[in-house]
Amino acid sequence: MGQLLSSPIITPPTPVLREKPASNDGGRDDDSNRDNDNLIPILDKAEGHFWFPKNGNKIIDACGGAGVACLGHGRPDVIASMVDQLKEYQYVSYTHFASKPVQDVSDWLVRSTDGKMQKVFLMCSGSEAVEAAIKLSREYFLWTGEPQRVNFITRWESYHGTTMGSLSASGHVARRAPFEPVLLGARFHKISSCNPYRQQLDGESDTDFVARKVAELKAEFQRLGPDTVAAVILEPVVGAALGCAPAVHGYLRAIKALCEQHGALLVLDEVMCGMGRTGTLHAWQHEDVTPDLQTIGKGFAGGYMPASALLVGSKVASAMQRSSGRVFTHGHTYQNHPVVAAAALKVQHIIEENGLLDNVQVQGRLLERVLRKRLGQHPHVGDIRGRGLFWGIEFVRDKATKEPFAPELQVAQRVYLAAMKKFRVLVYAGQGCAGNGRGDHVMVMPAYDISSRMVASIAERVACAVEDAFQDISA
Ligand SMILES: Cc1ncc(COP(=O)(O)O)c(C=O)c1O
């Protein structure tokens with residue numbers, strides 16, 4: 001069975017991984033329960049905070065798949081809201097009718113930003129939302145009489161999606177590699193990420209570090225010609241490409257100020273870090289730095305439906321006046337899908353009514369504490385970083401020099417396999433966090449309604465998996 005991006009690591013599994021024994025599965029983890037092309041287990045069902053593969057195992061979901069299942073699996077209340085909508089109508093083309101669920105979820109999103117974001121485009125995937133953000137940035141400058149703004153500045157060690165525009169914006173070396181010659185390289189320009197673990201100099205204050213980062217962006221504006229830049233696109237807390245790396249305090253505010261100074265838009269991609277994952281609904285609310293455009297996905301509908309959105313701030317929204325013919329030249333068949341809207345609104349109501357953002361903060365602090373206690377001194381754990389229930393663990397060959405492991409060793413994948421097979425906990429593995437496609441990390445992203453007991457169990461199992469995997473890896 002063919003599959004795209006079946007694993008968070010997109011390089012094909014090495015023979016080492018294929019030959020690894022099935023450990024203590026008691027013979028149940030046999031090939032009949034696997035997708036033969038990919039050697040990944042076939043799922044039987046998912047319920048609450050657990051995955052149940054066909055081999056009879058019960059695996060704790062400590063990452064919501066790809067950071068998606070923020071309320072766990074199989075909630076009857078979310079399913080009921082979808083079924084209720086299906087009984088009314090299952091589809092509406094956005095060119096013909098508006099729909100109440102879409103209006104309701106859009107109003108809810110606007111309110112969630114205190115009206116700072118004013119318009120909502122509802123879509124199905126993060127890539128679509130980023131693609132729309134790129135195109136709306138362009139069209140905004142046509143409306144406002146600056147058609148020469150054709151450049152975008154984005155960062156290395158970032159991931160914005162899999163379509164040609166969003167991949168051009170991405171700084172994920174491995175995912176770009178096969179397509180590099182056909183990406184939109186002439187328009188998408190890269191600056192470095194904001195990664196204090198690898199970039200902050202000994203003795204350098206956060207203020208000086210941020211100033212250095214801002215100077216780099218400023219130089220890029222100058223190099224391109226400041227009035228040719230349409231937008232700067234970045235993740236406020238970098239997800240899969242860097243392993244849950246929050247921007248250093250002051251960075252977002254300084255970048256926003258520089259964008260304003262040069263007349264460019266700031267697009268914050270919150271597809272992974274947004275919708276509560278880091279403990280505030282929107283990641284930008286940590287520092288109250290309002291973007292001009294914002295993308296959301298993943299936790300928006302928690303995986304009950306494929307949901308994403310582009311949120312539009314006041315500057316762009318007020319330029320977009322239908323009366324003067326300024327309609328965004330963009331659209332998808334499944335845009336404004338009513339069942340997507342119903343699922344997303346229900347998920348958000350549950351988070352709101354149950355005070356789950358507070359739980360994200362409380363359990364996030366516990367997760368951090370236990371991970372640091374158990375793994376902080378491990379000779380191959382270089383960094384533990386994150387915010388809320390969004391934590392990354394970076395592995396290094398040498399803790400003093402921060403030298404990463406050779407990519408072929410697939411260290412993150414080995415930790416992920418040990419976690420799943422031996423300790424029955426699902427984490428998300430990634431590569432590339434050290435730059436140039438090197439560096440391994442795993443991400444821990446449990447559901448927002450997780451209990452302290454479960455958090456402690458997850459952290460302990462992840463720590464055991466790391467210790468176990470490194471028994472096999474020769475540094
Ligand atoms: C920050 C970010 N932006 C965009 C995307 C693309 O979203 P999707 O895979 O839903 O297209 C992702 C996916 O991981 C992401 O993490």
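All residue numbers refer to positions in the sequence shown, counting from 1. Order of appearance sets the numbers: ligands from 1, and atoms from 1 within every ligand.
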Pair listing, side-chain hydrogen bond (donor to acceptor under 3.5 Å, both in side chains) test, anchored in residues 100-111, at least two apart =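 Passing the test, one end in residues 100-111: K100-D104, W108-E352.
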
With sequence neighbours left out, which residue pairs that include part of residues 72-81 fulfil the side-chain hydrogen bond (donor to acceptor under 3.5 Å, both in side chains) condition?
->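 Only D61-H73, R75-D77 qualify under side-chain hydrogen bond (donor to acceptor under 3.5 Å, both in side chains).
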
Under-4.0 Å salt bridge between K135 and E131 |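 Salt bridge between K135 and E131, a charged N being under 4.0 Å from a carboxylate O: no.
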
Just jot down the side-chain contact (heavy atoms from CB on, under 4.5 Å) partners of N354, sequence neighbours excluded, or say none.
->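 Scan of N354 (side-chain contact (heavy atoms from CB on, under 4.5 Å), adjacent residues dropped) gives I350, L356.
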
Derivation of the side-chain hydrogen bond (donor to acceptor under 3.5 Å, both in side chains) call for K116 and S314 | CA-CA 7 Å; K116 289 174 179 166; S314 55; over 6 Å; no

Run through ligand 1 for me and note each protein residue having a heavy atom under 4.0 Å from it, chain first, then residue number.
->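 If the criterion is a heavy atom under 4.0 Å, then ligand 1 touches S125, G126, S127, Y159, H160, G161, E235, D269, V271, M272, K298.
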
Distance-only side-chain donor-acceptor flag, E128 / T163, under 3.5 Å =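 Note: E128 and T163 side chains miss the donor-acceptor criterion.
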
